[in-house]
There are 2 protein chains.
Amino acid sequence: MSERKIRNMEEFASVSGISRPTVSKYFNDPASVRASTRARIEAAIEQYDYRPNIYAMNQNRQLTKNIGVVVPYLADPFFGEIVRVIERRCIEAGFSPSLFSSHGEPEQERDILDTLRSLKPAGVLLAPLGRLSNKSAIEAFCRDVPTVLFDSNIEGMGEAFVGSDNYSFVSQTVEYLSRTGEPPCFFEMKHPANPNANKRRRAYLDMMERLQLEPHVMQVDGTGWAFEEIGRNGAHDILSRKALPTHTVLCSNDRLAIGFLSACFEAGYKVGRGTDHDLRVASHDDHPFSRYTCPALTTAAHNYASVSGHAVETLFRLIESGGRFQTREETLFAAHLIMRDSA
Amino acid sequence: MSERKIRNMEEFASVSGISRPTVSKYFNDPASVRASTRARIEAAIEQYDYRPNIYAMNQNRQLTKNIGVVVPYLADPFFGEIVRVIERRCIEAGFSPSLFSSHGEPEQERDILDTLRSLKPAGVLLAPLGRLSNKSAIEAFCRDVPTVLFDSNIEGMGEAFVGSDNYSFVSQTVEYLSRTGEPPCFFEMKHPANPNANKRRRAYLDMMERLQLEPHVMQVDGTGWAFEEIGRNGAHDILSRKALPTHTVLCSNDRLAIGFLSACFEAGYKVGRGTDHDLRVASHDDHPFSRYTCPALTTAAHNYASVSGHAVETLFRLIESGGRFQTREETLFAAHLIMRDSA
DNA sequence: GAATTTTCTTTACGCGCGTAAAAAATAAAT
DNA sequence: ATTTATTTTTTACGCGCGTAAAGAAAATTC
């Protein structure tokens with residue numbers, strides 16, 4: 001396949017028999033050259049395995065083909081899955097995605113935005129930490145770089161937000177639980193990092209009121225992103241104090257529920273919906289691990305594919321529109337109930 | 001903090017009162033300029049918020065300050081955790097880590113190596129897919145780029161390997177299980193993607209022979225990285241056929257065990273070490289979720305901190321040594337047993 | 001086959017920074 | 001205060017590619 005080593009575009013142009021400006025044009029958009037020219041260039045690429053120097057390509061260019069993808073916590077498989085879909089679609093569209101995780105730390109998130117700025121990306125898909133995010137840093141960043149928020153909304157920031165409709169999650173789980181048995185109490189962190197948590201609590205209260213049922217919100221201590229641990233500790237505390245107001249528990253998210261179920265098991269509570277069970281537990285997110293809990297978790301699922309797909313498409317439109325939308329777009333996808341054994 | 005916008009290093013040099021070559025020297029190594037000069041530059045950075053153009057910095061440089069980090073599957077929180085530690089240490093050492101996930105696909109892995117090559121990284125930390133990896137592509141890559149393998153070893157590739165000692169995992173779990181009850185059978189995938197799996201099976205057979213016990217290896221079908229699903233399906237199959245040769249099961253890794261435990265629960269088998277339990281299950285890895293299984297999983301833990309720490313340090317030494325070691329280094333860290341409730 | 005449109009070639013400049021060499025300035029040592 | 005060692009400045013070139021402009025070549029239209 002190779003003959004001699006090509007050092008730069010000049011050399012490549014000469015061996016491929018095409019002028020350098022045309023070759024340059026090709027690499028910026030293969031469709032911008034005539035089909036016969038494209039074929040000759042691609043044959044030469046195949047033969048000499050040449051790739052333009054990405055640093056030289058980008059240094060004299062205002063807008064690169066890079067796309068930044070930022071998630072709050074990569075050790076959460078939920079984001080692992082989303083990232084996979086996003087990465088693939090970016091590559092298919094001819095962009096180079098760069099992946100970053102804030103690892104739950106606001107300073108990290110800030111540093112990432114700084115790094116991202118110097119990468120001069122064409123656009124950024126940002127899932128912010130939420131409550132702990134440095135709002136002004138994000139706001140300043142969004143002014144400079146075309147940004148689409150996803151997963152967690154921060155009012156007014158970025159040109160668009162794509163996520164799931166928290167009300168849709170909670171209304172379905174509350175409706176289902178109330179219809180099939182005792183209405184649920186709501187289990188959550190006292191100071192949730194993620195703004196979705198607040199929306200879910202409000203949706204719970206709203207739904208209970210609408211159904212003319214008495215709401216019970218249980219808030220457990222704990223900060224950070226070790227939700228399972230927080231859920232487990234909180235559940236142990238509540239169970240040992242026999243402080244559970246109902247025998248049906250709706251957790252704010254699956255990771256809390258995973259901890260909750262673990263505590264139930266350890267404390268000897270049988271979870272499930274038969275008469276021989278002590279309590280029912282349901283949750284939201286359809287976390288990749290939620291079907292392996294014991295019992296398998298009944299939960300409301302994100303429309304993963306739609307959220308990640310639409311986030312990417314929105315960013316592409318944004319880039320094509322020159323980085324600005326007339327009005328900020330907000331797209332929320334509905335959840336769907338996944339019936340398993342826990343409730 | 002800001003006054004006027006600095007466009008390039010020339011301007012920055014003039015406003016900071018230092019010549020451009022000295023400023024350039026500073027950015028390549030702050031310690032290489034006199035303390036008083038450094039202070040003046042840093043004051044100016046603070047004041048004008050200037051950052052050199054990374055593309056211009058790197059285009060005319062053989063060796064950048066980039067470090068590539070490649071993991072096989074990012075939706076596995078195990079790698080999420082490792083990545084976090086690695087990223088932080090790279091940044092502390094003044095490098096810019098770029099994160100990539102093969103998402104379980106060999107073509108992805110290959111593409112990542114291509115991308116990485118054009119990033120001209122100072123070094124790469126690569127956790128290969130394993131059996132499915134394109135060996136020749138990795139070999140060619142390692143010839144061009146200083147590379148340290150971690151997690152999965154591929155014989156002879158890269159300048160070093162840092163990982164865990166699979167024998168240490170298995171010897172401890174087998175010893176413990178045999179000492180405290182019925183000796184274990186071994187539960188694994190028939191065609192594991194990861195080479196560690198083969199080492200663990202051999203270690204199991206070896207240990208059983210050494211203890212003069214009869215080994216039983218159960219291999220379940222399934223390909224890909226959905227280990228929990230594979231473990232669950234395999235367990236359901238074995239349990240329904242009552243084909244379990246012993247009442248003590250040692251899973252090759254925690255993700256299989258998570259699926260196994262899920263199946264046990266669903267099939268009504270009580271897992272644990274009391275007399276009122278049906279079987280014991282143990283495993284290897286100390287996956288972040290393994291303490292939230294029901295019951296919590298007894299497992300042999302990686303020395304996460306040592307593996308990721310030593311991998312990074314080895315890469316730094318490799319970079320300082322000019323990208324080559326006289327002989328390929330292999331460092332294996334011992335596991336330690338984590339006693340929980342499942343065995 | 002001539003006129004028109006599209007595509008390519010030639011020429012040339014600039015991007016922001018690395019880096020080399022020689023001269024100048026500063027600090028440290030005697 | 002002088003010598004010596006270290007650091008900085010000045011000057012200058014090059015990296016690999018983007019890109020603009022004008023003319024040449026090729027494809028398309030009539």
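Numbered from 1 within each chain, the chains take letters A, B, ... in sequence-line order.
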Length of the line joining A:Arg7:CZ and D:dG14:P, which is rounded to integer Å: 14 Å
Euclidean distance, atom CZ of residue B:Arg38 to atom P of D:dT7 [Å, nearest integer]: 11 Å
Pairs where residues 87-105 of chain B contributes a residue and the test salt bridge (Lys or Arg N to Asp or Glu O under 4.0 Å) is met, not counting sequence neighbours: B:Arg88-B:Glu92, B:Arg89-B:Glu313
Could you list all N or O pairs between the protein and nucleotides 22-28 of chain C that sit under 3.5 Å apart?
none

Partners meeting salt bridge (charged side-chain N to carboxylate O under 4.0 Å, His left out) with B:Asp151 (sequence neighbours left out): none
Phosphate OP1/OP2 of C:dC17: any B:Tyr50 side-chain N/O under 4.0 Å: yes
Atom-to-atom span, CG of B:Asn58 to P of C:dC15 - whole angstrom: 20 Å
B:Glu11 and B:Tyr50 side chains, donor-acceptor separation under 3.5 Å: no
Nearest-nucleotide pick for A:Arg20, side chain only, options being D:dA12, D:dA20, D:dC17: D:dC17
Value in whole Å for how far the P atom of C:dG14 lies from CD of B:Glu10: 15 Å
Nearest-nucleotide pick for A:Pro52, side chain only, options being C:dC17, C:dA20, D:dC17: D:dC17
Listed once per pair and sorted, the salt bridge (Lys or Arg N to Asp or Glu O under 4.0 Å) pairs that draw on residues 64-83 of chain B, sequence neighbours left out: B:Asp76-B:Arg255, B:Glu81-B:Arg84
With A:Ser152 via side-chain hydrogen bond (donor to acceptor under 3.5 Å, both in side chains) - residues at least two apart: A:Asn194
Interface residues of residues 24-33 of chain A with DNA chain C (non-hydrogen, below 4.0 angstrom): A:Val33
Length of the CZ-P vector between A:Arg40 and C:dC8, whole Å: 10 Å
Interatomic distance, B:Met9 CE vs C:dC15 P [rounded to whole Å]: 15 Å
C:dT9 phosphate, OP1 or OP2, under 4.0 Å from A:Ser19 side-chain N/O: yes
Spacing of A:Ile6 atom CD1 relative to D:dC17 atom C1', expressed in whole Å: 16 Å
Polar side-chain atom of B:Thr147 near backbone of B:Cys142 as donor-acceptor pair, under 3.5 Å: no
Separation of D:dC17 P from A:Asn60 CG (nearest whole Å): 13 Å
Contact under 4.0 Å: A:Thr37 side-chain N or O vs C:dC8 OP1/OP2: yes
Please list every donor-acceptor pair under 3.5 Å in which a side-chain atom of residues 31-39 of chain B meets a protein atom from a residue at least two apart or in another chain.
residue: B:Ser32; atom: OG; partner: B:Lys25; partner atom: O; Å: 3.4
residue: B:Ser32; atom: OG; partner: B:Asp29; partner atom: O; Å: 2.6
residue: B:Arg38; atom: NH1; partner: B:Pro30; partner atom: O; Å: 3.1
residue: B:Arg38; atom: NH1; partner: B:Val33; partner atom: O; Å: 3.0

Pairs meeting criterion salt bridge (Lys or Arg N to Asp or Glu O under 4.0 Å) with involvement of residues 14-23 of chain A, two or more places apart: A:Glu10-A:Arg20
Side-chain donor-acceptor pairs under 3.5 Å in residues 316-323 of chain B, sequence neighbours left out?
residue: B:Arg317; atom: NH1; partner: B:Glu329; partner atom: OE2; Å: 2.9
residue: B:Arg317; atom: NH2; partner: B:Glu329; partner atom: OE1; Å: 2.9
residue: B:Ser321; atom: OG; partner: B:Arg317; partner atom: O; Å: 2.6

Nearest to side-chain heavy atoms of A:Ile18, which nucleotide of D:dG18, C:dT9, C:dG18: C:dT9
